[in-house]
Every structure is written in C-alpha cells, then in structure tokens.
Amino acid sequence: MALLNVSLCTKIPPKPHLSITKPSLSIPHLPSLSFSHCDKPQHQALIPNKQLVEDFAKTGFLAILSVSLFFTDPALAFKGGGPYGSEVTRGQDLTGKDFSGRTLIKQDFKTSILRQANFKGAKLLGASFFDADLTGADLSDADLRSADFSLANVTKANLSNANLEGALATGNTSFRGSNITGADFTDVPLREDQREYLCKFADGVNPTTGNATRDTLLCN
C-alpha cells in the first residue's frame, strides 16, 4: 500500500513486482520511503518568487506616489512656471500680504483680493491687476509701467511717487480716494470722468521720471 502512495505522488508508474523467487523479502521498510519528491514542490509553492515580490513592491509604491500627487494641494501642484514667478497669485486672497521691494515683473494678480497689500517700491512692470481689489493697498514708489488695472478697484490706495507710464486703466477702474501725489500717469488711458476727478487734487513731481503729476494727467 505504501508503494502505491509513492507512485501516485511522484506520478511515476510503479514497476511490477516480478520476483517470486524470494518470498522472504519483507516490505516493513516501505513506509520509511522518503516523500521528498512530493514535499519539495509543495514547499516551493509556499515560497514567493523574490523577483515577483520586488516587482509587486515597486508597483505598489508607484501607485501610492501617483495618488498622493493627484490629491496634492492645487496651489502647490501649479506652483511656478511661465513669466509669473514662483508663486501662485492669480485669483487668491492676498489681503495684507507684503510684496514691498520685490521684483514681480509680469506677475499675474488677476481677480485677486489685495486689500491693504504692501507693494511699496516693488518692480511690477507689466503686472496684471485685472479685476483685482486693491482697496487701501500701498503702491508708493512702485514701478507700475505697462501694468494692467482694467476693471480694478484702486480706491483709497497709496500711489504716491508711483510710475504708471503706459499702464492700462480701462473699464470701471476706480482711483477714488487714492493718494496720487508725485505719481506719473503718462499715456494711461483714463476715462474722462476719472481724469477730471484726479486732476482736482493732483500734485507733486515723480522723483524717477521728473514729470509733474498734473502734466501727465493732461490737467487744464
């Protein structure tokens, strides 16, 4: 019976027992036969392939990394790039933020809230403040040449000694209550009602260009 079990396990047909001349042969030793041929494949099946484990681990790591990047804060995901510097400033609430003295050429502040923000002495050539809220912002001594203030709210802002040469101020841009002493408005396309309003209290000379504020506003 033990001989039969070995044959089935190893899948090797048992050799027929043809000897009839030695009836004294005993089979008590048969149960002690080694079953290594059966045990080895079963044992190997339980041990994962090392390369397979490494591949699986790498795949899992990449999957986790992809998910983490997908759910990254949008402000970080789109940080930097283009001509707008290293910060995301478009469509942001930047109330009271300090940008004083910084170089922010062509920085994009479109539709941002910039109330009481500090831009004193900042270089903002070509920066866009399209539809932004600059109420109470400090833009004194700032280089605002060719900046875009279209539809912006620039009420009660400090524009003293700012250089706005060639800046855009189309649409409903408002400078109501702003300090424009020494500001240079050369070639700024202001609405006539805004021009007349600013001319009522325009004064001073821009320290950078040497132009009188009233002259740049074409005041009578």
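Computed from a prediction, not measured in an experiment: that's the story for all the values here.
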Relative to each other, are the rings of F185 and F175 parallel, tilted or perpendicular (30° and 60° limits)? perpendicular

Going by side-chain heavy atoms closer than 4.5 Å, which hydrophobic residues are tied to V205, directly or by a chain of links? none

Under 3.5 Å, side chain of S174 to main-chain N/O of N153, donor-acceptor pair present? no

Measuring only between side-chain heavy atoms, which start at C-beta, is R176 closer than 4.5 Å to Q194? yes

Could you check whether any side-chain heavy atom of F109 comes within less than 4.5 Å of a side-chain heavy atom of L94, counting everything from C-beta outward? yes

CG on L114 to CG on L134, rounded to 0.5 Å: 5.0 Å

Tell me the closest heavy-atom pair linking E165 and N211, and the distance in Å. OE2-ND2, 4.5 Å

Can you confirm whether L104 sits close enough to F99 that some side-chain heavy atom of one is under 4.5 Å from a side-chain heavy atom of the other? yes

Short side-chain to backbone donor-acceptor contact, T181 and G204, under 3.5 Å: no

Donor + acceptor pair across side chains of T170, S150 (<3.5 Å): yes

Would you call D108 and S128 a side-chain contact if the rule is heavy atoms closer than 4.5 Å? yes

N163 and D143: side-chain hydrogen bond (donor to acceptor under 3.5 Å, both in side chains), yes or no, with the steps? CA-CA 5 Å; N163 185 1; D143 188 345; 4.6 Å; no

side-chain contact (heavy atoms from CB on, under 4.5 Å) involving D98 - partner list, sequence neighbours excluded: S100, N118

Looking only at heavy atoms, what is the nearest atom pair of P207 and G182, with distance? CD-O, 4.3 Å

Can you check whether V154 reaches T173 side chain to side chain, under 4.5 Å on heavy atoms? yes

Determine whether L217 and L190 make a side-chain contact, defined as any pair of heavy atoms from C-beta on separated by less than 4.5 Å. yes

Does D203 reach the side chain of R214, with side-chain heavy atoms less than 4.5 Å apart? no

Just by distance, do the side chain of Q92 and the backbone of R90 share a donor-acceptor pair under 3.5 Å? yes

Residues in ring-ring contact (aromatic ring centres under 6.0 Å, His included) contact with F149, at least two apart in sequence or another chain: F129

Option from D193, L159, I180 for which side chain to side chain contact (heavy atoms under 4.5 Å, CB included) with L198 holds: I180

Check the surroundings of atom CG in D93: do more than 12 heavy atoms from other residues, nucleotides or ligands lie under 6.0 Å from it? yes

What's the shortest heavy-atom distance between P189 and A167, and which atoms? CD-O, 3.1 Å

I'd like to check L125 versus K106 (side-chain heavy atoms, cut-off strictly below 4.5 Å). Are they in contact? no

Chi angles and distances behind the salt bridge (Lys or Arg N to Asp or Glu O under 4.0 Å) call for D141, K120: CA-CA 6 Å; D141 302 301; K120 182 178 178 63; 3.0 Å; yes

